[in-house]
Amino acid sequence: MESNNNDDDNNSNNEIAYEFLPYFRAYKDGRVERFFGIDRVPTSTNPDSTVSSKDVVVSPESAVSARLFKPTTVGPNRRLPVLVYFHGGAYCFGSPFCAEYHNHLTSLVAEANIIAISVDYRLAPEYPIPIAYEDSLAALKWVASHCNGQGPEKWINDNADLQRVFVAGDSAGANIAHNTAMKAGEEELAGLKLIGACLVHPDFASKEGDVPKPWFFACPGTSGSSDPRINPAVDLRLGRMRCGRVLVCVAGKDWAKERGLFYYETLRKSEWTGVAEIVETEGEEHVFHLFNPNCENAVNLVKRLAYFINQE
């Protein structure tokens, strides 16, 4: 029986390199399918809304952008804390512009009365790690470029208190927030003061050194459990993390719960002199607040993040 070369070609083209269902699939021929984060919620500057939003370009060279949020009624002379946010998605999917993240940041800005910058870092595998880290640090530097009040974005010039800056993220985004805070300790940030980090359901190595599978796909050059970016327990620089306060949030039914607890204990036992807090939401799963934002536990989580940012 003769073979069908076209069928053979189709089969080879459809070989899966990695998948994270129901959100993502990559093929060995380089094709990528993303099923989450591909919608785009429009921005709004409607004066009747509680929160206004707009999209900005952070780096023309890399085309990295971000979505900005601010309380609509804030006056031009009012200075608010700043949150730089990194979305989750196993480093491979997700977006500040999709409904889940747009709605979450809108709720958080309304509750906390802050300025937020949600970063659209570039995604693996097209842009493997460390590009997401580099883009995220570039976004923090972009915020810092406004320290003299002459930066490119009016909302930040007019209303941002760059002496009260926080980084935050969920899942892989929490990992990025941690690594951005670490890298910020080695950078000159033009007077920006990084106060704290909020890590929600963070994605790190486990106490046993087990590394999440998406990490190997997103970071093909990694050394695995000896890589300090995914395993802070082996990071000799941990004590030099820039911020002085860290909030770790875990969920009772989350597959990443023990990883978050291990990160918290690792940070407390390190030479870092800051204050670490941990909060657990019982009975909930990984990033539940994104998919069920109106449930009581999600509302309480937003309130807890807002309290952390605004406490003196």
Side-chain angles (χ1 to χ4, degrees), residues 16-26 86-94 123-125 128-130 132-133 136 167-183 185 197-241 243 245-290 301:
I16 296 172
Y18 177 76
E19 59 184 4
F20 192 119
L21 296 179
Y23 307 113
F24 174 84
R25 180 184 290 123
F86 310 108
H87 67 80
Y91 314 96
C92 297
F93 56 90
L123 301 173
I129 299 290
Y133 295 138
S136 299
V167 292
D170 62 276
S171 195
N175 177 294
I176 292 172
H178 162 80
N179 278 284
T180 301
M182 289 294 302
K183 194 66 178 176
C198 306
L199 308 188
V200 180
H201 309 168
D203 190 20
F204 292 106
S206 69
K207 185 176 183 179
E208 294 75 26
D210 178 49
V211 174
K213 289 182 179 179
W215 171 257
F216 289 101
F217 180 72
C219 187
T222 187
S223 57
S225 61
S226 61
D227 188 330
R229 296 171 296 183
I230 194 66
N231 187 6
V234 301
D235 193 347
L236 299 178
R237 307 166 303 153
L238 189 58
R240 301 201 297 270
M241 185 164 61
C243 60
R245 291 197 280 124
V246 172
L247 174 65
V248 181
C249 300
V250 298
K253 294 183 178 179
D254 184 6
W255 54 264
K257 174 184 173 181
E258 296 304 320
R259 300 175 189 273
L261 294 173
F262 178 54
Y263 172 85
Y264 169 72
E265 292 297 338
T266 297
L267 191 59
R268 289 185 63 211
K269 293 175 182 177
S270 74
E271 296 180 354
W272 180 64
T273 58
V275 177
E277 304 175 50
I278 191 162
V279 59
E280 178 176 345
T281 305
E282 295 183 359
E284 297 289 0
E285 307 216 7
H286 195 64
V287 296
F288 72 94
H289 58 291
L290 296 178
L301 179 60

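One is the number of the first residue; the rest follow in order along the sequence. What's counted below: heavy atoms across the whole structure, side chains too, no hydrogens, waters or symmetry copies.
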Engineer: Under the 3.5 angstrom rule, does the side chain of S226 hit a backbone N or O of S223 as a donor-acceptor pair?
Structural biologist: yes
Engineer: Could you report the tightest heavy-atom contact between A177 and V167, atom names first, then the distance?
Structural biologist: O-CG2, 3.7 Å
Engineer: So, for A205 and V211, which heavy atoms are closest and what is the spacing to 0.1 Å?
Structural biologist: CB-CG2, 4.2 Å
Engineer: Would you say the side-chain atoms of R259 pair up with the backbone N or O of F204, donor to acceptor, closer than 3.5 Å?
Structural biologist: yes
Engineer: Can you name the closest pair of heavy atoms from G224 and I230 and give their distance?
Structural biologist: O-CG2, 3.6 Å
Engineer: Just checking, is any N or O donor in the side chain of H286 or D254 under 3.5 Å from an acceptor N or O on the other one?
Structural biologist: yes
Engineer: Would you mind reporting whether C249 and L301 have side-chain heavy atoms less than 4.5 Å apart?
Structural biologist: yes
Engineer: Should K257 and E280 count as an ion pair when the cut-off is N to O under 4.0 Å?
Structural biologist: yes
Engineer: Once you round to the nearest 0.5 Å, how far does CG of N175 lie from CD1 of I129?
Structural biologist: 7.5 Å
Engineer: Find the distance between SG (C198) and CG (L247) and round it off to the nearest 0.5 Å.
Structural biologist: 5.5 Å
Engineer: How about K253 and E284: do any of their side-chain heavy atoms sit closer than 4.5 Å?
Structural biologist: no
Engineer: Is a side-chain donor or acceptor of N231 paired with a backbone partner of S225 at a separation under 3.5 angstrom?
Structural biologist: yes
Engineer: Please check this pair: side chain of S171 against backbone of G173, looking for a donor-acceptor N/O pair closer than 3.5 Å.
Structural biologist: no
Engineer: Let's go through H201 and F288 carefully: what are the C-alpha distance in whole Å and the side-chain angles of both, what is the deciding distance for side-chain contact (heavy atoms from CB on, under 4.5 Å) to 0.1 Å, and is it a yes or a no?
Structural biologist: CA-CA 10 Å; H201 309 168; F288 72 94; 3.8 Å; yes
Engineer: Of all heavy-atom pairs between A90 and A218, which one has the smallest distance, and what is that distance?
Structural biologist: O-CB, 4.3 Å
Engineer: More than 12 non-hydrogen atoms from neighbouring residues, nucleotides or ligands closer than 6.0 Å to CG on L236, yes or no?
Structural biologist: no
Engineer: Is there a side-chain contact between E277 and V248 in this structure, where contact means two heavy atoms from C-beta onward sitting under 4.5 Å apart?
Structural biologist: no
Engineer: Any side-chain to backbone donor/acceptor pair from N179 onto R229? Under 3.5 Å, distance only.
Structural biologist: yes
Engineer: So, taking the atom named CG in L267 and the one named NE2 in H178, what distance separates them when rounded to the nearest 0.5 Å?
Structural biologist: 8.0 Å
Engineer: Going through the distances and angles, do L238 and E271 end up as a side-chain contact (heavy atoms from CB on, under 4.5 Å)?
Structural biologist: CA-CA 7 Å; L238 189 58; E271 296 180 354; over 6 Å; no
Engineer: Are any non-hydrogen side-chain atoms of V250 and Y264 less than 4.5 angstrom apart?
Structural biologist: no
Engineer: Just do the side-chain contact (heavy atoms from CB on, under 4.5 Å) check on D170 and L290 with the steps written out, would you?
Structural biologist: CA-CA 10 Å; D170 62 276; L290 296 178; 3.9 Å; yes
Engineer: Might you work through the ring-ring contact (aromatic ring centres under 6.0 Å, His included) test for Y91 and F217, ending with a clear yes or no?
Structural biologist: CA-CA 9 Å; Y91 314 96; F217 180 72; over 10 Å; no
Engineer: Nearest 0.5 Å, please: how far is CZ in F93 from CG in L123?
Structural biologist: 9.5 Å
Engineer: Quick check against the 3.5 Å criterion: does W272 have a side-chain atom that pairs as donor or acceptor with the backbone of C243?
Structural biologist: yes
Engineer: After noting the C-alpha distance and the side-chain angles of Y263 and D203, does the key distance pass the side-chain hydrogen bond (donor to acceptor under 3.5 Å, both in side chains) rule?
Structural biologist: CA-CA 9 Å; Y263 172 85; D203 190 20; over 6 Å; no
Engineer: If you take all heavy atoms of T180 and S136, which pair is closest and at what distance?
Structural biologist: OG1-CB, 3.7 Å
Engineer: Between Y18 and F216, does the ring centroid distance fall short of 6.0 Å?
Structural biologist: no
Engineer: State, with a plain yes or no, whether a side-chain heavy atom of F262 is found less than 4.5 Å away from one of P232.
Structural biologist: no
Engineer: With a 4.5 Å cut-off on side-chain heavy atoms, are R268 and T266 touching?
Structural biologist: no
Engineer: Using 0.5 Å steps for rounding, measure from the NZ atom of K207 to the CD atom of E258.
Structural biologist: 9.0 Å
